S.K.: 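Take a look at this one; I'll ask things after.
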Protein chains: 4
Amino acid sequence: MAQLLEAAASVFCSTGYTAASTNAIAREAGVSPGTLYQFFPNKEAIAIELSERLMLEMRETYGEALAPVDPATPLEVAVAAAVDRFIDFNCRHPVVYTLMHGPDVPGRIAEQHDALHTALVARIEALLTPLLPGTPAADITRTAHVCMAMYKAGLELVLSREGAEREAYIQELKNILHRYLEPLVGDCPPTGP
Amino acid sequence: MAQLLEAAASVFCSTGYTAASTNAIAREAGVSPGTLYQFFPNKEAIAIELSERLMLEMRETYGEALAPVDPATPLEVAVAAAVDRFIDFNCRHPVVYTLMHGPDVPGRIAEQHDALHTALVARIEALLTPLLPGTPAADITRTAHVCMAMYKAGLELVLSREGAEREAYIQELKNILHRYLEPLVGDCPPTGP
Amino acid sequence: MAQLLEAAASVFCSTGYTAASTNAIAREAGVSPGTLYQFFPNKEAIAIELSERLMLEMRETYGEALAPVDPATPLEVAVAAAVDRFIDFNCRHPVVYTLMHGPDVPGRIAEQHDALHTALVARIEALLTPLLPGTPAADITRTAHVCMAMYKAGLELVLSREGAEREAYIQELKNILHRYLEPLVGDCPPTGP
Amino acid sequence: MAQLLEAAASVFCSTGYTAASTNAIAREAGVSPGTLYQFFPNKEAIAIELSERLMLEMRETYGEALAPVDPATPLEVAVAAAVDRFIDFNCRHPVVYTLMHGPDVPGRIAEQHDALHTALVARIEALLTPLLPGTPAADITRTAHVCMAMYKAGLELVLSREGAEREAYIQELKNILHRYLEPLVGDCPPTGP
DNA sequence: GATGAATGAGGATTCATTCAT
DNA sequence: TATGAATGAATCCTCATTCAT
């Protein structure tokens, strides 16, 4: 079963979710297709289970909060730390990108991505809330969605580069998020006296 | 043939490129599969032709330059104008999003997307160059890629919302790009004496 | 039209008759499929017409008789001459091999091959008849079929070799036919006074 | 699976290899197309497996040597025996002819035929070697190829006739091979004291 | 006469899924 | 529990042939 999930991760990574076939996953896992269907009712269930395990691992690794919510932390540092952690996690689990990879058709959110995506948005929301006191919840949600979208877009750039160029893109990603958020939190600077 | 391209656009939009089948496109166009293959050797060729037509239309609609390069234009206004135009174009041609939609597997750039994507990056690069004098070409290219990625990510958010919420996301997209670019052009303010 | 036949010969040679498509022939000829069908009702008709033209050319080149029926000619020389002429003709018109190439299914003689094949058998029969006086017609026919079959088999070997090896196979082909026929004509030696 | 191979043999026989469709084979076997592809990756693999089974059966039936290599056996008898056995085998397995059937295009040996054809040539070579002592290997190989070609050509004639006519053609085939080989082995007559 | 778009059944092959063993 | 053969509709694509222009 862990075998199956690993195989699924591997196949998802190399072919993408849509093009991944259950037979290929079973083969990669060294089991028969029938066995796969004894654990998962369909391909999507595999993606969902995989997502859940990844989220669990993320929570275990980084704790409930993504970043230290120490209000004294400068935003720039907080953002950089969050990005570094996310990037690190994604590099160790490249399938995350594949699973989060937006739907082919905007608006029709693919279910399998939803779990991971929604959870991450929620985490970002939780992270943002103390930074944006007095901001309507709807605005915070929107901001979280935007951050998530930017992060995913940046991640794609990062993953398809290597070495110094990758580092440069990571820095850009930090810049984007920092500059985007700064004016929002600027009114109540976290670097108070 | 225009019939076929329209049908393809429609099918790409509703199912995504990967899941779109040539038979479905032919059916949507009201012709037989054979007919489709008299015009296009395969699915990718359809996407490429579609991309080319869209790029052509874009050039015809907005001219060679995406935005007025009047150096006196405040960055915020320039960015807002560019985003509005892009968004408008994408809303009139929703297939653009599908065609630009990143690869399932990062790094392995799908050929059919390349044309459109690369062309757009080039346009952004051309737009940025006068704004960032003295910046190394490699940095400008990177910045253009980042802008493009942000735009695509924002577009997805925008397209999956409607009404006021969509407007709000459009504004966020403008904010992101403006705030991201502002420090870069800040050293040589376009609002000179 | 000659254009079409040339194109057909070329396509038949490079893909074989079965795999040759009328569209490919039309393309090779630089005309549209429709044009092809204005001259030929179907693929087979092309093969038939091609066969007929080849037979005509053969008759024009070598006269009604394949070989000099001078009874004084030693069999070995006559056979060698006939083989050389056939081989020469087949090398100048490689499509002959393709057209003669036996049916995929023995017994169900493909119609298009029939013309050429039957004509050649008839020529061989005519050639043999004076050499085998007193032999029942059925036997002569059978012998002609055998010669034809041997020739075709030898031709395949010859055509798939080059240089010295090809020459060696040509010699073997002559040997086969000569040794096969010698005992049959031996009783009434053509070299009689 | 045996079911599939039998069906394939049947379809190959009635339509020829090129024209045989995997769907037709599946239908003939009474299974769905998908089932066929669980055992064979493609049409050629079926032909190859079929060839291998036939070669195995041939070896099991006739032993490693095709004919008794008793040097005292007159060539005529040895050839007749070999032909009879081959013919018998081919009549019991008509698909052999189809599988051996030369390529549509000379020189481009079809892979699927190769196995069977090459194996048979090797057997003939083994058979000839003791009969032709002192002959260069290259010549023996060539002679084996010629014998094989003659046999295939004769087989086609035989298979497309029935009854007495078939018997007559079998006799002719024996004659051809015997007369072709006799001068070669004549120098060291196997009928020694 | 020539065109070339149109056909549509058929080609090989794949795939998510089921089920008897 | 695990297997792996079986499914059959769906995939992309081809082809001989037709027919309006």
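This is a predicted model, so every value here is computed, not measured.
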S.K.: For D:L4 and for B:A20, find the nucleotide of DNA chain F with the closest heavy atom, then tell me which residue's nucleotide is more 5'.
M.R.: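 Closest to the 5' end, via its nearest nucleotide, is D:L4.
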
S.K.: Below 4.0 angstrom from OP1 or OP2 of F:dA16, is there any side-chain N or O of C:T22?
M.R.: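 C:T22 to F:dA16 OP1/OP2: side-chain N or O found under 4.0 Å.
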
S.K.: For atom CD of D:Q3, decide whether the heavy atoms of other residues, nucleotides or ligands shown that lie under 6.0 angstrom number more than 12.
M.R.: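 Not more than 12 within 6.0 Å, no.
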
S.K.: Checking all strands, does B:N23 fall into the base, sugar-phosphate, or nothing category for heavy-atom contacts under 4.0 angstrom?
M.R.: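 Touches a base.
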
S.K.: Can any side-chain N or O of B:S160 pair as donor or acceptor with the backbone N or O of B:E156 at less than 3.5 Å?
M.R.: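 Here the side-chain-to-backbone pair exists.
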
S.K.: Going by heavy atoms in the side chains, are A:L4 and A:I46 under 4.5 Å from each other?
M.R.: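 They are not in contact (no side-chain heavy atoms under 4.5 Å apart), so the answer is no.
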
S.K.: Looking at D:R53 and D:E57, is any side-chain nitrogen of the basic one under 4.0 Å from a carboxylate oxygen of the acidic one?
M.R.: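 Salt bridge flag = no for D:R53 with D:E57.
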
S.K.: So do C:L120 and C:M58 actually touch side chain to side chain, heavy atoms under 4.5 Å?
M.R.: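 Sidechains of C:L120 and C:M58: in contact.
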
S.K.: May I have the distance from D:N42 (atom CG) to E:dT14 (atom C1'), rounded to whole angstrom?
M.R.: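 The answer, rounded to whole Å, is 13 Å.
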
S.K.: Mind checking if C:S32 touches a base, just sugar-phosphate, or nothing, with heavy atoms under 4.0 Å?
M.R.: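 Base contact.
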
S.K.: Name the nucleic acid region contacted by C:S21, choosing base, sugar-phosphate or nothing; use a 4.0 angstrom heavy-atom cut-off, strictly under.
M.R.: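 Sugar-phosphate, no base atom in range.
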
S.K.: D:K43 or B:L36: which one's nearest nucleotide on DNA chain E is closer to the 5' end?
M.R.: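 Closest to the 5' end, via its nearest nucleotide, is B:L36.
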
S.K.: If you look at every strand shown and take non-hydrogen atoms under 4.0 Å, does D:A26 touch a base, only sugar-phosphate, or nothing?
M.R.: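 Result for D:A26 = nothing.
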
S.K.: Figure out the OH/P separation between A:Y17 and E:dC15, and round it to whole Å.
M.R.: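 The distance from OH of A:Y17 to P of E:dC15 comes to 14 Å, rounded to the nearest Å.
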
S.K.: Is the backbone of B:A20 close enough, under 3.5 Å, to the side chain of B:K43 for a donor and an acceptor to pair up by distance?
M.R.: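 Side chain of B:K43 to backbone of B:A20, a donor-acceptor pair under 3.5 Å: yes, one is there.
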
S.K.: By the 4.0 Å heavy-atom rule, please label B:F40 as base, sugar-phosphate, or nothing.
M.R.: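 Nothing, no nucleic acid heavy atom in range.
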
S.K.: For a quick check of understanding: with a heavy-atom distance under 4.0 Å over all strands, which category does D:A24 fall into, base, sugar-phosphate or nothing?
M.R.: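 Contact class for D:A24: none.
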
S.K.: Who is the Watson-Crick or G-U wobble partner of E:dT21, with both distances under 3.5 Å?
M.R.: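 Matched E:dT21 with F:dA2 under the 3.5 Å cut-off.
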
S.K.: I want to check something: taking the side chain as every heavy atom from C-beta on, are A:L159 and A:C91 in contact at a cut-off of under 4.5 Å?
M.R.: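 Yes; the side chains approach each other to less than 4.5 Å.
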
S.K.: F:dC13, F:dA2, E:dT7: which one has an atom nearest the side-chain heavy atoms of A:F39?
M.R.: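 In terms of side-chain proximity for A:F39, the closest of F:dC13, F:dA2, E:dT7 is F:dA2.
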
S.K.: Check the interface with nucleotides 19-21 of chain E: list each N/O to N/O pair with the protein under 3.5 Å, or write none.
M.R.:
none

S.K.: Can you tell me how far P of E:dA5 sits from CG of B:L5, to the nearest Å?
M.R.: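 Going from CG in B:L5 over to P in E:dA5 covers 14 Å.
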
